[in-house]
S.K.: 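Here you go, one structure.
Chain A is the first sequence line, chain B the second, and so forth, proteins listed ahead of strands; every chain is numbered from 1.
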Amino acid sequence: MTSSIFDVLKERGYIAQCTNEEEVRGMLANEKVTFYVGFDPTADSLHVGHFLGLMVMAHMQRAGHRPICLVGGGTGTVGDPSGRTDMRKMLTDADIEHNCNRFKEQMARFIDFGEDKALVVNNGDWLRKLNYIELLRDVGAHFTVNRMLAAECYKNRMEKGLTFLEFNYMIMQSYDFLELHRRYGLKLEMGGDDQWSNIIGGVELTRRKTGDAVYGLTFTLLTKSDGQKMGKTAGGALWLDKEKTPVYDFYQYWRNVDDADVEKCLALLTFLPMEEVHRLGSLQDAAINEAKKILAYEVTRLVHGQEEADKAQSAAEAVFGGAGSSENMPTIQLADGDMGSRLLDILVAGGVFASKGEGRRLIQQNGLSLNDAKVTDPDCLLTEENLTDGEALVKKGKKKFYRLVK
RNA sequence: GGGUAGGUGCCCGAGUGGUUAAAGGGAACGGACUGUAAAUCCGUCGCCGUAGGCUACGAUGGUUCGAAUCCAUCCCUGCCCA
């Protein structure tokens with residue numbers, strides 16, 4: 001057997017670092033491998049960064065391997081200092097449990113948790129029971145502080161201060177690997193490239209404790225061509241939960257990615273065949289919009305399902321192309337008292353503007369339209385005449401649309 | 001515990017008694033240009049507002065006509081010593 005999922009992952013651009021490329025490649029080609037990716041429950045929803053990891057897991061599962069989703073009920077209480085300049089806010093146990101449950105629901109959209117096909121585990125189950133002295137003797141003896149301090153992930157914390165609490169994160173994550181190896185025969189840990197230090201910690205610990213060959217692999221972080229992290233919006237992260245990031249906004253985010261990032265996103269965030277990805281990625285100038293539409297639709301479909309993706313696409317076409325249905329664009333429900341009220345106040349109440357000042361400014365800058373006519377007066381009122389069939393369309397800036405419905 | 005340097009708007013960071021809603025940069029937002037792209041240029045970027053007012057520089061008190069700026073106490077962080 002020579003074909004390996006490893007090659008697929010590599011071709012699609014997922015792989016950043018690997019402990020032993022040839023051995024991992026061979027292992028993935030010749031046996032069913034149990035592997036894991038960890039997710040710390042720092043928020044009540046997964047975001048696009050996690051989605052990349054889920055895509056990798058999905059590819060692996062399709063190739064016959066068994067994924068373990070580890071939610072960090074234990075590590076989440078400590079907080080991973082990797083890539084952070086400040087200590088994370090401490091979460092309460094109740095928060096963590098709530099978040100863990102949400103994660104599980106969301107993961108089920110991408111991973112098949114059918115019989116023995118995949119597992120969800122919570123490292124709180126074993127980490128919380130650990131005895132300090134035992135752990136120190138058992139695990140602590142295998143780590144030298146010198147090596148740990150040299151780890152990339154602590155670099156920028158050496159200046160800002162790194163607490164002992166967070167310093168132990170690597171130990172805990174390494175212990176997870178060992179524990180999963182013992183419980184499930186785990187052979188491989190995967191994670192974002194920022195997890196490299198933590199992952200090799202686990203690989204080494206497990207090797208030393210058991211003598212078994214185990215491996216680590218990191219996947220590319222989702223970054224824009226200018227190096228910035230992808231998936232950040234004005235409102236923060238791009239969430240997979242539609243309550244936190246509306247599907248329409250989610251779709252629009254991908255519809256609007258930079259030309260330079262289109263091919264990469266198609267490869268990493270969709271299951272389209274690579275020939276198709278290359279073809280779409282090579283489109284030039286205005287034609288690349290075609291690729292962006294497909295990207296937006298596909299990613300939205302994977303995350304929110306076909307129906308939601310259709311709605312988002314339809315809403316986008318209604319707004320930008322004149323076709324499609326406007327029904328699914330963000331909607332503001334008008335109250336009875338709104339007729340004759342100031343448009344500005346209605347939009348602030350509807351969340352379109354964060355403050356009246358912001359709205360007023362936007363109007364002064366010619367950034368607001370009502371039914372395709374520029375609004376020039378900040379104090380203009382919304383009247384029945386503005387409505388057609390009980391609806392009006394408001395445009396904020398160049399491409400944010402809201403439907404007012406009575 | 002001792003010494004020392006700090007805590008400023010979304011982030012970084014200037015500012016050491018009035019001219020400071022607070023320089024500069026980044027992010028973000030609006031406009032022009034475009035392809036729902038990028039780059040560029042112009043503008044905006046605490047809240048309410050016609051004027052004008054209100055709130056804000058870790059927290060709480062105080063000095064002063066007037067404080068982000070001075071004093072006191074407290075909280076937090078870095079560094080050095082123990």
S.K.: Could you check which nucleotide pairs with B:C29 in any of the strands shown, counting Watson-Crick or G-U wobble with both distances under 3.5 Å?
M.R.: B:G43
S.K.: Could you tell me if A:E166 and A:T163 have a donor-acceptor pair between their side chains, going purely by distance under 3.5 Å?
M.R.: yes
S.K.: Can you tell me how far C1' of B:A37 sits from CD of A:E263, to the nearest Å?
M.R.: 16 Å
S.K.: Please determine, by modelled atom types, if A:Q61 and A:D112 share a side-chain donor-acceptor pair under 3.5 angstrom.
M.R.: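 A:Q61 vs A:D112: no donor-acceptor pair found between side chains.
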S.K.: For nucleotides B:G13 and B:G26, find the distance between their P atoms and express it as a whole number of Å.
M.R.: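 Rounded to whole Å, the distance is 15 Å.
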S.K.: Would you mind pulling out the nucleotide paired to B:C74, Watson-Crick or G-U wobble, both distances under 3.5 Å?
M.R.: B:G58
S.K.: In terms of the nearest nucleotide of RNA chain B, which residue is placed more toward the 5' end: A:E358 or A:D285?
M.R.: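 Of the two residues, A:D285 wins.
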S.K.: Is the distance from OP1 or OP2 of B:C48 to the nearest side-chain N or O of A:S355 less than 4.0 Å?
M.R.: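 Yes, A:S355 has a side-chain N/O under 4.0 Å of OP1/OP2 on B:C48.
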S.K.: Can you check the distance between B:U4 and B:C71, where both ends of the measurement are the P atom (answer in whole Å)?
M.R.: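 Rounded to whole Å, the distance is 14 Å.
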S.K.: As a test of reading the structure: which of B:G35, B:A37, B:G43 is closest to the side chain of A:D258, going by heavy atoms?
M.R.: B:A37
S.K.: Can we call the ring centroids of A:F51 and A:F110 under 6.0 Å apart?
M.R.: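 Here the rings of A:F110 and A:F51 have centres that are less than 6.0 Å from each other.
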S.K.: Specify the separation, in whole Å, of atom NZ of A:K292 and atom P of B:A37.
M.R.: 7 Å
S.K.: Could you check whether A:L368 gets within reach of a base, just the sugar-phosphate, or nothing at all, counting any heavy atom under 4.0 Å?
M.R.: nothing
S.K.: Heavy-atom nearest nucleotide on RNA chain B for A:K356 versus A:K396: which residue maps closer to 5'?
M.R.: A:K396
S.K.: Sticking with atom P, work out how far B:A22 lies from B:C54, rounded to a whole angstrom.
M.R.: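 That atom pair is separated by 16 Å.
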S.K.: Using whole Å, what does the distance between atom P of nucleotide B:G35 and atom NZ of A:K399 come to?
M.R.: 13 Å
S.K.: Of the nucleotides B:G31, B:G35, B:C47, which has the atom closest to the A:N366 side chain?
M.R.: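 The closest nucleotide is B:G31.
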S.K.: Quote, to the nearest angstrom, the C1' distance that separates B:C11 from B:G61.
M.R.: 31 Å
S.K.: For atom C1', what is the distance between B:G25 and B:U8, given to the nearest Å?
M.R.: 15 Å
S.K.: Counting side-chain heavy atoms from C-beta on, which of B:G31, B:G35, B:U44 comes nearest to A:K374?
M.R.: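 Closest nucleotide among those given: B:G31.
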S.K.: Determine which nucleotide pairs with B:C79, using a 3.5 Å limit on both distances of a Watson-Crick or G-U wobble pair.
M.R.: B:G3
S.K.: Between A:Y14 and A:H59, is the ring centre distance below 6.0 Å?
M.R.: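 They qualify: ring centres under 6.0 Å apart.
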S.K.: Taking any heavy-atom pair under 4.0 Å as a contact, classify A:V257: base, sugar-phosphate, or nothing.
M.R.: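 It contacts sugar-phosphate atoms only.
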S.K.: Could you identify the nucleotide paired to B:A37, looking across every strand shown and requiring Watson-Crick or G-U wobble geometry with both distances under 3.5 Å?
M.R.: none
S.K.: Nearest whole Å is fine: how far is B:C47 P from A:L344 CG?
M.R.: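 These atoms are roughly 12 Å apart.
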S.K.: Roughly, in whole Å, what's the span from CG in A:L295 to C1' in B:A37?
M.R.: 13 Å
S.K.: Could you tell me how far B:G62 sits from B:C12 if I compare only their C1' atoms? Round to whole Å.
M.R.: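 33 Å, rounded to whole Å.
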S.K.: For A:L362 and B:G43, what is the distance between atoms CG and P respectively, to the nearest whole Å?
M.R.: 18 Å
S.K.: Counting side-chain heavy atoms from C-beta on, which of B:A38, B:C45, B:G30 comes nearest to A:R361?
M.R.: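 For A:R361, the side-chain atoms sit closest to B:C45.
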S.K.: For the side chain of A:K398, starting at C-beta, report the closest nucleotide among B:G35, B:G31, B:A37.
M.R.: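 So the nucleotide nearest the side chain must be B:G31.
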S.K.: Taking atom types as modelled, is there a side-chain donor on A:T218 or A:Q195 under 3.5 Å from an acceptor on the other?
M.R.: no
S.K.: Taking the same atom, P, in B:U63 and in B:A68, what whole-Å distance lies between them?
M.R.: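 The same atom, P, in both gives a distance of 16 Å.
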S.K.: Looking only at the side chains, is there a donor atom on one of A:E179 and A:W126 sitting less than 3.5 Å from an acceptor on the other?
M.R.: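 Their side chains do not contain a donor-acceptor pair, so the 3.5 Å distance test is not met.
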S.K.: Using every non-hydrogen atom in the two residues, find where A:N371 and A:N386 come nearest and quote the distance to one decimal.
M.R.: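 Shortest heavy-atom separation between A:N371 and A:N386 comes out as ND2-O, 2.7 Å.
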S.K.: Need one value for A:Q364: base, sugar-phosphate or nothing, where a base atom within 4.0 Å counts as base even if backbone is also close, heavy atoms only.
M.R.: nothing
S.K.: Rounding to a whole Å, what distance do you find between A:D379:CG and B:C48:P?
M.R.: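 Whole-Å distance recorded here is 13 Å.
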S.K.: Write down the distance between CG (A:L162) and C1' (B:C79), rounded to a whole number of angstrom.
M.R.: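 For the pair A:L162 CG and B:C79 C1', the rounded distance is 15 Å.
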S.K.: Can you check the distance between B:C47 and B:A21, where both ends of the measurement are the C1' atom (answer in whole Å)?
M.R.: 11 Å
